[in-house]
Structures are given as C-alpha cells and as structure tokens.
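What follows is one structure encoded as structure tokens, with my remarks underneath.
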Amino acid sequence: MDEQALLGLNPNADADFRQRALAYFEQLKISQDAWQVCAEALAQRIYSDDHIKFFCFQVLEHQIKFKYSELTEVQQQLIRETLITWLQAQMVNPQPEKTFIRNKAAQVFAMLFVTEYLTKWPKFFFDILSVVDLNPRGVDMYLRILMAVDAELVDRDVVHTSEEARRNTLLKDTMREQCIPSLVESWYQILQNYQYTNSELTCQCLEVVGAYVSWIDLNLIANERFINMLLGHMSVEVLREEACDCLFEIVNKGMDPVDKTKLVESLCQVLQSAGLFSIDQEDDVDFLARFSKLVNGMGQALITSWTKLVKSGDMKSAQDTLQAIEAKVALMLQLLIHEDDDISSNIIGFCYDYLHILKQLSALSDQQKTNVEAVMLAVMKKLTYDEEYNFENEGEDEAMFVEYRKQLKLLLDRLAQVSPELLLASVRRVFNTTLQNWQTTRFMEVEVAIRLLYMLAEALPVSHGAHFSGDVTKATALQDMMRTLVTSGVSAYEHTSVTLEFFETVVRYEKFFAVEHQHIPNVLMAFLDHRGLRHTNAKVRSRTAYLFSRFVKSLNKQMNPFIEDVLNRIQDLLELSPPENGYQALLSSDDQLFIYETAGVLIVNSEYSAERKQALMRNLLTPLMEKFKVLLEKLMMAQDEDRQMALADCLNHAVGFASRTSKAFSNKQTVKQCGCSEVYLDCLQTFLPALSCPLQKEVLRSGVRTFLHRMIICLEEEVLPFIPSASEHMLKDCEAKDLQEFIPLINQITAKFKTQVSPFLQQMFMPLLHAIFEVLLRPAEENDQSAALEKQMLRRSYFAFLQTVTGSGMSEVIANQGAENVERILITIIQGAVEYPDPIAQKTCFIILSKLVELWGGKDGPVGFADFVYKHIVPACFLAPLKQTFDLADAQTVLALSECAVTLKTIHLKRGPECIQYLQQEYLPSLQVAPEIIQEFCQVLQQPDAKVFKNYLKVFFQRAKP
C-alpha cells in the first residue's frame, strides 16, 4: 500500500495529505485487486492504525456493493474467510477495536449477508454464532451485525428501489423459515447470561429484540419466559430504559385486537405490581420519558383494538377494551402533568386518541367528564412558560417548548370538540381570575390566560371570525373577555410575551370592535406608543408593525375618525433610514413596509374627496422621491463599493415603500378614482433613471422592476409610455438572472394590454431574443451546476414569453420578424420540445406549437408553414417521448405528453386526411412501426374524444420504449 497516502487518513493530517489519501481511495476502488491487499491487511492485522483499518473496510465494502459479481468463486470465498478470520481475532486481541471500526465491520458483514445469504452463504448466522459463542467481544460484534442487517432490510429512512424491496422481502421470508427461531434462542441465552454481569451487552441485545420484533413471529418473543425476563429488567436501573423500548416495540406490533388487549393487560398488571405506576416515587426523568412512551404505546394499542372491535360489531370485547383504556387514564394524566416536558409530550398521542373516543360516545359518564376536565387543567398548566425560558436569545430548548405548545394546542382543539361549553367556562374562569389581579401576577400566568383566549378562536370555529354573533352564550363570554382584555390595562404589563399576546389577540378578534367600537382609540394608542411600535424591544416593534397593518385593514371604515391623527403619529416611522453605518432606526426596512402599507390603506379607505386623498398620498410619497433623487446622485459619485451597496439598498427601500403603498388600491378603489395617478406617475419618472445607473445594477433593476409590475396593475394604460425606454435600459448588459426576471414583466404587459402594445412588442421582440440567445450561447464550465440551472430557468422564461405572445392573439408579432428570424424562432421551439430533458419547458413548447398550428396550420397560413409542420412538428411529437430522459412515470412529463397529444390532434384538425396519409405512408413507417400499430394509431387519432387519444398516446410510447 502507498504508506505516504495512508498518512492522510489521520483527521489531523494536513490538507495535501488528506487530498492524496482521498485520491488513493478512489484509485483503489477502481483497481482490480486492491481489495485483496486490504483483505490481507485485515486478516493478518498488518496495521495498528485505526484509520487505516477503517479505510480497508471501506475498500472491501465498495467491492461487495458495486463489483461483487465480477469476482471468481475463489475470490468471493476469500472475502468470507477474511471476515470470519477478523471476527475470530476480536476475541483474542488484547484490546477491543474502537466502536467506529466495529460498526463499519458490521456494515460490511451485513452487505455480504444481503449479497450471499440466499445463494452462497445460507449458514451466515450459524457460522458467526459458532465463532463467537458467548464470548463478550464476539457477542458484541454479533449484535452489531444483527442491527446492521436490520438496517439493510427494514430501515424506513432508506429509500429502496422496487428491486431491493423485493429482495429484502425474500431475505426476511427465508430468515423466518431458516434461522429466526435459532437467533431468538441466542438472544435469550445472551440476556440470561449477561443480564447481571454486562449491562452494555444486555442493552444491545434488548435493542436487537426491539428492532426484530416488528417483522418476526411475535409468539417467539411475547411468551412467558421472554416477557418475564424483560419485566425483570424493568427493575434494574441500567437495563430498564432499553427494556422499556423493547416492550414498546412488542406492544406496537400489529395483532388480533382481543389478543392485543390481553397482552397489554397482562403487561400492565405486572408493571403495576412492580410499583412502576407510582410516578411520584420516581426521579429518573430519562427512564420516565421512556416509560411514558411505553404507556402511550399501550394506550394507543388498546384504542386501535377498540376501534377495530367496534367496526366488527364485537361490542362485548369493545366494552372490555374500553374499560382497560379507562383504567390507564389516571396514569396518563400523571404523565401529562409531569413537570418534565419530554415525559408529558410522549403521552400526548394517547391523550388525543382517548378524547377522540369520548367524542364518538353518545353520552359521557361522570368519571369521563372528570377526565376531560383533568386533561383541560393539565393542558392549561403545561402551556405556561417556565422561569428558564430565554425570550432574548431563543435556542434549542425554547424551540422545543414552542413545538410542545403546538402539540398541546391540538389537545385543546380536541377538547373543544368533546365539550365546547366546558372549555369555554374553564378558560373564562382562568382568564377573569388572572386579569383581575394582573399587576401582582407572574408574567407566565398572565401570558397563558391571554393565550387561552387567543386559542379559543381556532378551537371554537366559526365562519369568517364571526365570534360575536350567533350562539348567545359563547358570543357573550368572548365579548366579556375581550372587553376585560382591552379595558384592564394589561397592555402595559412589562414583559414582552404578555405584550405580544395582547396584540395578537386583539387582531385575532378584530370583529369585537365592530360590536364595541368605543374601545378602538385605546387599542390604537397601545399600538402607537411605547407598548407597541415604540417598545424598547425590537422583536415587539417588528411584530407590532405587521399586526398594526392587519388591525387597520380589518377595521376599514371604523378608522375614519382617526386617520389624520394616526398619520401624524406615524410620521417619524416613515422616514427612510440614511445609508450611514451605525444609524439605529426604530423599525427595520421590512417593518417599515407594513407602516407604508398601513398609511396607504388609511388614505385609500378614507371617506375624503379625491383631491384630499391625492394631497395625503403626495405628502406620503414626496419625501421618498426627494430622498431618491439625492441618493441616486450620491451613488453616481460613490467610489467605495460598501458605500455603493449601502446607497443602492437605501434607494431600493424607497422604491419598495412606494410600491407597498399601492397595495391599498382595489377594484372598487382604483388609483384613478382616488385621484392618485399623477403621484404615481411622478414616482415612475423619479425612479426610472436608476435603470441607467451603471453601478449596483442588479439591486436597482430588481426594485424598479417590482415597482413597474405594481404600476401595470394600478395605472393601467397610463404606464405604457414609460415601458419602451425602461425595457431598453433593462436589456443592456444583462445576465441570465436579469432576463429571467425581466421576461415576466413583458409577459404581464402582453397579457394585459394585448394588441395595444403590439407596436412596442414588434420593436423589442428581436432585441429581447438576441439578448436571450447571447446569454444561452455563452460557454460555461462543464460542471458549473448553478450556470446550467440559470440557463434552464432562462430557457423556461423564453418559452413562457413565446407562449404569452401566441396565447394573447399576437402571433403576427412573430410573423412580422422576417422569414429568417421566424424560422430561427420555430427551430428553438422544436429544440425545446425535443432536445432538453426539462418537462416543464417541453410542455410549454408543445402548447406554443399547438397554438401556432391552430393559427397558421390551415390552407391560408404563412407560406412554408405546412412543410414545417410535417418536417419538424410531427417528428417532435414522436422524438421527444421516445427519448430515454422522457420519464413517463413523472407527473410533469405526463403533462408534457398530454400537450404533445393536443399538438397532434390540432395538426389533424387543421390538415385533415393529408395528415393521416403522411403518418400512414411516410412518417410512421420510417420509425419501423408495425403496420397494424400504424393503423390503430391513426384510428384513435381520428376519434373526436381528445381524452381517448391522450390515454392511448401514453400506452403507445410505453410499448415503444425498450
């Protein structure tokens, strides 16, 4: 072996050595006999360095996985002997191998098992067992090999091909027949031998039993001797976590519902008599988390049995099972309320399913009602933040609590389905008690009280948030709580979680303010002062900006009395932050977008005259325009790149803010009706010069492009005079991404204004295409994936543009480009349909071809187009689906084929019998299609039902492909 290269295997080696080692590994993988050197090194223990041993196993693994069939019988035998020799050495070595080597060796054994068990090595496990016997190091390897085999055969996380899945099923069936009983016996011997002397091996063995139980005969494990031993392990501290998991897998195994109930009940009796149900006596949370998972498994198993028994009509057994379920509820509640969230989280599934049973019962017993109430109290208690929660710097623990809260919310929603009245009454009680004394109550209790009110909105569903009409009891209760919330002064509570919950809830129940609008001023003030937009905490300010915009939108006309006052109060929040370093604005530019949108909504929805609206809108947008002009001049002069970037960002924000105000307009309140066209045209004139700025092109163009998209919607044809010069600037020095983002703008104009923009399209059509072709033809590195992806996206955009032009009735724009250009364009569409393996683009190309055939394919079409149909379009409809890359199992590809069928139908529609004759006598015979298939194809093509032909075409190509 290349000793120098092997030095690079050490993780501490320098980069050059590591590179050399990698190259050496690649070289050995393709070498014919390198694996033999590695096999010898392992069998004869030539190297003591762990990384070299690992490396040798990797080379062997590669040989077995990819090149095994190339080996002779003798060579295959050598690999088997090498592994067995290595295994024998494990038991006499002075030191055990490192864990990572043992795991890799186990993987190699498992790979060889998968390859050879059915043919060459049926005694695989017996050979290993005869070597290891009960030697602890040997047993360790045997158990690791079993786990590696299970991972190969059963691991749900590995995606197997259908071929591998079939092979794995065959392997498992053969193992069940030939060796599983013996393996189970060996596990029993290992457990019995080591349960008191070697906890590590015992736990490993329990893990194996847990893994295999899901696919072997359960009676081999779920019998007295095995279960008694496992239950014994439940009392041994170092074994009980693994024993718990093992019992969980046994309980989880699918079986007859009556037998499952018996099994679970017998387990429970023994666990209970062993004192394991006394949760309060246990302080090992790791064990309790596993135990909780086991109880959850038992509870859910019983519920599955109950559901099956009810379905089959066996009401006697169903009743027995229901009693068994009810008997576990007290334990379930103890675990649900446990202060450790992992323990509580593990039992939620059982709890959720139990409530689902109660929902199906016609009436609840007193005990069941008590249970529902207990779950409700547990959920309310567990929703509460603990002291350790870090609001300023949320990490992994905080994220886990947020997830856990989501699980509890599902329980709360289920409780609402079982007993909405009880839920409402409980929340009301907690809410009122807490808010009466909020000044002296801890933040987490205040937060959870408001949170519960917030959660009721989803738990008690109504249409369109109409919580304050309909059911009087519910409407009154919610109205009372909302009134308490907004009048109690709790919005001044000095903790961010309470503040945020207050604003979230106010916005969630905005319909309340339609019923009691006298509270609007107080809530608006909370939004606008130090409690909301001017809070000391940036996170609160940011969220409030978004919620404020939602609140103002939802109140609509009810905001009228407050418009001028609110606009004055938010004036300072609208200022464009200067591009100077270290300037700390109250709101980020993303938050300011919401404030601009809110200002726009206030102005547009007001009852002011058009003149007044225009004046207010001008007040809002003029400062942005003035700043924009100054900043653009500064950018033209700026030398330093960081300074340029800061200025360009600032310019972009200005354009973005102006764009955002336009979101306030609607079909009912158009820009024209509000008298605001002039203001936005002024903005356009101010912003467009940025397109010709040579610096920071990407940022500036992207902002102005977005603004143009908005103006096409808002200003309608008034925007048209600006489009030609804007387009000209945007087509200068383009990259693929620029074009890709520019084309949707042209598509929007084309689809919206159609023939109105025909002259403009006519003029810019070829310049746009030249720019696209120039970028597509640029050479790129062979394996530069991002460049390839950009080209693919640009190609899609190009075809989408042609689709828009042809689909908007503007095909004359293409026809008027001169014969040579037209032909070049048509050829690119054919290439898109056939040559590039991109089903999305192929589908678009066939849509364009169908449209062109429909428009030009008749007798009076352009000269030469009929020839083009037969020479290029018809072949494209066959060549594309016949390509190996055209995958008929892929949904996008099937859509492309569907459009291909439409193209062929359209050609037949336009050309009639001539098309059939061409297919029958010339084209299909040239593809060596059998005469009877040609006959069948042409008959189906002539049928009036297009769907029949689409289905036929798929079958036709499935048959045609090898």
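The first residue of the sequence shown is numbered 1, and numbering continues consecutively from there.
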- Tell me the salt bridge (charged side-chain N to carboxylate O under 4.0 Å, His left out) pairs involving residues 372-384, sequence neighbours left out?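 Every pair satisfying salt bridge (charged side-chain N to carboxylate O under 4.0 Å, His left out) with a residue in residues 372-384: D341-K382.
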- Enumerate the residue pairs fulfilling salt bridge (charged side-chain N to carboxylate O under 4.0 Å, His left out) with a member in residues 551-561, sequence neighbours excluded, ordered by first and then second residue. K553-E597
- Take atom CD in Q558; do more than 12 heavy atoms of anything else shown fall under 6.0 Å from it? yes
- Query: Is atom CD of Q518 surrounded by more than 12 heavy atoms (other residues, nucleotides or ligands) closer than 6.0 Å?
  - Reply: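 Count over threshold, so yes.
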For [X], side chain to side chain contact (heavy atoms under 4.5 Å, CB included) partners two or more places apart:
X: Y546; answer: R543, R550, F594
X: E716; answer: K752
X: D386; answer: E388, Y389
X: E392; answer: N390, N537

- Item | Any side-chain donor near an acceptor of the partner, S702 and E741, under 3.5 Å | no
- Message: Distance alone, cut at 3.5 Å: any donor-acceptor contact between the side chains of R414 and H356?
- Response: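 There is such a pair (donor and acceptor under 3.5 Å, judged by atom type) between the side chains of R414 and H356.
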- Message: For a side-chain hydrogen bond (donor to acceptor under 3.5 Å, both in side chains) check, start with the C-alpha distance between D342 and S345, then their side-chain angles and the critical distance, and finish with the verdict.
- Response: CA-CA 5 Å; D342 287 340; S345 170; 5.9 Å; no
side-chain hydrogen bond (donor to acceptor under 3.5 Å, both in side chains) with [X]: which residues, sequence neighbours excluded?
X: H709; value: Q748
X: R405; value: Y385, E447
X: T706; value: none
X: R534; value: D572

Describe, in one word, how the ring planes of [X] and [Y] are oriented to each other, choosing from parallel (under 30°), tilted (30 to 60°) and perpendicular (over 60°).
X: F443; Y: F391; value: perpendicular
X: H467; Y: Y509; value: perpendicular
X: H653; Y: F657; value: parallel

- Note on the structure: The residue among F503, F527, F502 that forms ring-ring contact (aromatic ring centres under 6.0 Å, His included) with F551 is F527
- Evaluate salt bridge (Lys or Arg N to Asp or Glu O under 4.0 Å) for E575 paired with K627, printing each intermediate quantity in order. CA-CA 10 Å; E575 278 186 28; K627 276 265 178 69; 5.5 Å; no
- State which residues pass salt bridge (charged side-chain N to carboxylate O under 4.0 Å, His left out) with R541; sequence neighbours excluded, sorted by chain then number.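 Per chain and number, R541 pairs via salt bridge (charged side-chain N to carboxylate O under 4.0 Å, His left out) with no residue.
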- Backbone N/O of F350 and side chain of N296: donor-acceptor pair under 3.5 Å: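 Here the side-chain-to-backbone pair exists.
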- Message: Suppose the criterion is side chain to side chain donor-acceptor pair (under 3.5 Å): which pairs have a residue in residues 419-436, not counting sequence neighbours?
- Response: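 Qualifying pairs, neighbours excluded: R428-D480.
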